[in-house]
Protein chains: 4
Amino acid sequence: MEQIAEKKKAILETTLELIKEHGFHGTPMSLVAKKAGVAAGTIYHYFESKDELICEVFSYIMQKATLALHQGGLAEMSYKDKFFNLWVNLYEFYRNNPNVLVFFEQFVNSPYNAIIGHGCQDQIRTYLFNFLAEGVSKGYLRSVNPEVLSVLVLGNVITTAKIMRLQHVKINDEELQQIREIIWDGMAAR
Amino acid sequence: MEQIAEKKKAILETTLELIKEHGFHGTPMSLVAKKAGVAAGTIYHYFESKDELICEVFSYIMQKATLALHQGGLAEMSYKDKFFNLWVNLYEFYRNNPNVLVFFEQFVNSPYNAIIGHGCQDQIRTYLFNFLAEGVSKGYLRSVNPEVLSVLVLGNVITTAKIMRLQHVKINDEELQQIREIIWDGMAAR
Amino acid sequence: MEQIAEKKKAILETTLELIKEHGFHGTPMSLVAKKAGVAAGTIYHYFESKDELICEVFSYIMQKATLALHQGGLAEMSYKDKFFNLWVNLYEFYRNNPNVLVFFEQFVNSPYNAIIGHGCQDQIRTYLFNFLAEGVSKGYLRSVNPEVLSVLVLGNVITTAKIMRLQHVKINDEELQQIREIIWDGMAAR
Amino acid sequence: MEQIAEKKKAILETTLELIKEHGFHGTPMSLVAKKAGVAAGTIYHYFESKDELICEVFSYIMQKATLALHQGGLAEMSYKDKFFNLWVNLYEFYRNNPNVLVFFEQFVNSPYNAIIGHGCQDQIRTYLFNFLAEGVSKGYLRSVNPEVLSVLVLGNVITTAKIMRLQHVKINDEELQQIREIIWDGMAAR
DNA sequence: AATGAATGAGTCTTCATTCAT
DNA sequence: GATGAATGAAGACTCATTCAT
């Protein structure tokens, strides 16, 4: 039983890894099988098709992401600190799981997204939305549609993480701090 | 010769259209040929391979994008207005060319990107970088690495445009204005 | 031991049922296992291979068919009545076991037939042959090769039953009677 | 253009031949390709799928069969002679195209039949039906549902031809004559 | 005896690319 | 230049069979 779980997990992880590297269509099932150390047919015990496999990889990742978001005690922090904590959590998650970032991008720009529904970052966005809506209603943030704000923040984090990954640009910790301050300063109530 | 140019253009446009809709690997050459109204073999008169075709589509788009950036007289505007003009230009370009956005995303997250080199948004980023570097050096903007700033701005525009396209969120003109003001306020020198 | 027999029987019946519906190759062992309520491996305790299973299904059916042939007291009937009794027995068997008809057809037109030998309807034909040979030698029937006659009769019954099954044609009892009379009249000594 | 037609024909003939020998599912496309002397992919220029190929083989055969039926001048023959001519035509067709017989049998007992409709022998049966209906209405034949008669005749011919093919039984020309006389005598008006 | 996870050879099908016309 | 028939390697997926439990 443990054995089983392990194989399924191995397949999921391998798929994620390979898709990051070679893309959806550059990742044949045979390669997944080989790298995961199972027979081609075995994958089909756990997943009905390549499509389902990919969708399950997405869900699998999504869970991890949601967990990561909640890291760090938010209890009696100031709203601003909470915001920074959130920003850092998201950023770190994407930094530490570069596979995820690429996978997400590919997933969103693919027919798979339609399968799952609005799919991708919705859970994350929902969480973000609620947090920012609270900020607006309590007067910490400008009176702007929280939907708009969450888009801004998410786009900001993702772009930052992506930039780091592609390593076109080297950003040090200080600059990282600046980035989130720029976003905060832009959003904060005057 | 005119004939030729037309066919080549038809192939480029068709490819872009199809890739937007079905992705790289969901777009067989045979389909491009059919929709472009040429024979399969004809494509290979103009492009050495599918890879080359895709890379040329990228270049083709890139040209348009660069042109768009320069729209609107920047001559005696204030720096802030120039910034807003730039933001709007970029935003409008992405809005009006949704194909491009999807194509870019796919392109960046693909092995093709490696072929072209740093590829993608570099021309745009270079332009942006120079503009923002000027802002920093002239004291209009905070003293932050212009590289960082350009990432912020580009990510901001793209995310906004993408959101609009996916229509998860409806953003009106006022909110659009707010978005660029938030970014500006965050970056502007105190 | 009863348990075992039951499982074996369940597998045989399920296989027959599935093959009728989906054909030999449309009937994977896994499906047989599932519908028969046993594990895939279990089938291989009772049958060496899929081929053997199919051949045993054939034998299993053959037994039933032979039994059916002998129904109805033939003792002091006239030869003509005996013939009609035989015709009806065969017809009823095929009517009541449509699975068998389809299975037979598939079996005969398949490599399996070679495995079993002359296979299929031989037992039935042998019985028929003997009965008709008797009719010829005793002067009830024309002086025709009994082999030929048995082919005629068997073909006649099977075609009739098949027609009824496919329901291209609706035949009532009277017409059924006519059919066997036509055959009888054709064969009967002048 | 001749070249093309030839390849398509080669594929059709090869498929028929192979299916007769190994059955639908025992005939991989790769084998068809090899025996037909074309590449695997080529088949898919002419036929959308294996299913379509098989259905087209069926139509291809049907045409030949219908042609064969009409052989021999039926003009001023007696009705009985016309019947014998028809019987012989059908018989000869099945004898000379043993592939067809096996293919038909397989086709009827398969999901393909559903695709084409009532499919199989309908054209032949229709022709037969009309001929026999005429016989009944003109008083040459017993007053029996022509539908029933056509079933009888068709079953008779097919069974005879099948028997010959399987060579379980050797039937000489005289016996063949007897067979059709038996059928005729059974059906003829008293 | 029974299970069912695992295997991997074999199937249908697609598609980038070539080449004779 | 233009065509599109032909190629064949490669991919997703199936399924008879095995074997550790």
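Residue numbering restarts at 1 for every chain, and letters A, B, ... go by the order of the sequence lines. Computed from heavy atoms alone, side chains included, the values below leave out hydrogens, waters and symmetry copies.
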Original post:
Rounding to a whole Å, what distance do you find between Tyr46(C):OH and dT3(E):C1'?
Top reply: 12 Å

**OP:** Assess whether one donor atom and one acceptor atom, taken from the side chain of His45(A) and the base of dA6(E), lie less than 3.5 Å apart.
**Re:** yes

Subject >> Paired nucleotide for dT7(E) [Watson-Crick or G-U wobble; both distances under 3.5 Å] >> reply: dA16(F)

Original post:
For Lys35(B) and dG4(F), what is the distance between atoms NZ and P respectively, to the nearest whole Å?
Top reply: 19 Å

Subject >> For atom CD1 of Ile43(D) and atom P of dA5(F), their distance in whole Å >> reply: 16 Å

Original post:
Counting only heavy atoms not in Lys20(B), do more than 12 fall under 6.0 Å of its NZ?
Top reply: yes

Original post:
Can you check the His22(B) NE2 to dC15(E) P distance for me, whole Å?
Top reply: 11 Å

**OP:** Ignoring backbone atoms, test whether Tyr44(C) places a side-chain nitrogen or oxygen under 4.0 Å from the OP1 or OP2 oxygen of dA2(E).
**Re:** no

Subject >> Check: Phe24(D) ring centroid to Phe103(D) ring centroid under 6.0 Å >> reply: yes

**OP:** Could you work out which one of dG4(E), dT17(F), dT14(F) sits closest to the side chain of Ala39(C)?
**Re:** dG4(E)

**OP:** Take the protein atom NZ of Lys8(B) and the nucleotide atom C1' of dA2(F), then report the distance between them rounded to whole Å.
**Re:** 16 Å

Original post:
Rounded to the Å, how far apart are Leu53(D) CG and dT11(E) P?
Top reply: 16 Å

**OP:** Before accepting this row, confirm whether a basic side-chain N of the pair Glu13(D)/Lys64(D) lies closer than 4.0 Å to the acidic partner's carboxylate O.
**Re:** yes

**OP:** For Val32(B) and Thr14(B), work out which heavy atoms get closest and say how close.
**Re:** O-CG2, 3.8 Å

Subject >> Whichever of Val38(A) and Ser30(B) has its nearest DNA chain E nucleotide further upstream toward 5' >> reply: Val38(A)

Subject >> Opposite nucleotide pairing with dT21(F), Watson-Crick or G-U, both atom distances under 3.5 Å >> reply: dA2(E)

**OP:** Could you tell me the separation between the NZ atom of Lys34(D) and the P atom of dT11(E), rounded to a whole number of Å?
**Re:** 11 Å

Original post:
With the threshold set at 4.0 Å, does a side-chain nitrogen-carboxylate oxygen contact exist between Glu6(D) and Lys9(D)?
Top reply: no

Original post:
DNA chain E: Gly37(A) or Gly41(D), which has the more 5' nearest nucleotide?
Top reply: Gly37(A)

Original post:
Side chain of Lys50(A): nearest nucleotide among dT13(E), dC13(F), dA5(E)?
Top reply: dC13(F)

**OP:** Output the single nucleotide from dT7(E), dA16(F), dT3(F) whose closest atom is nearest the side chain of Lys7(B).
**Re:** dT3(F)

Subject >> Separation of atom CD1 in Ile54(A) from atom C1' in dA12(F), rounded to whole Å >> reply: 11 Å

Original post:
From the list dA6(E), dG11(F), dA2(F), which nucleotide is the closest neighbour of the side chain of Pro28(A)?
Top reply: dG11(F)

Subject >> Met29(D), nearest nucleotide to its side chain (from dC12(E), dA1(E), dT3(E)) >> reply: dC12(E)

Original post:
Which residue, Thr27(A) or Thr42(A), contacts DNA chain F at a nucleotide closer to its 5' end, judged by nearest heavy atom?
Top reply: Thr27(A)

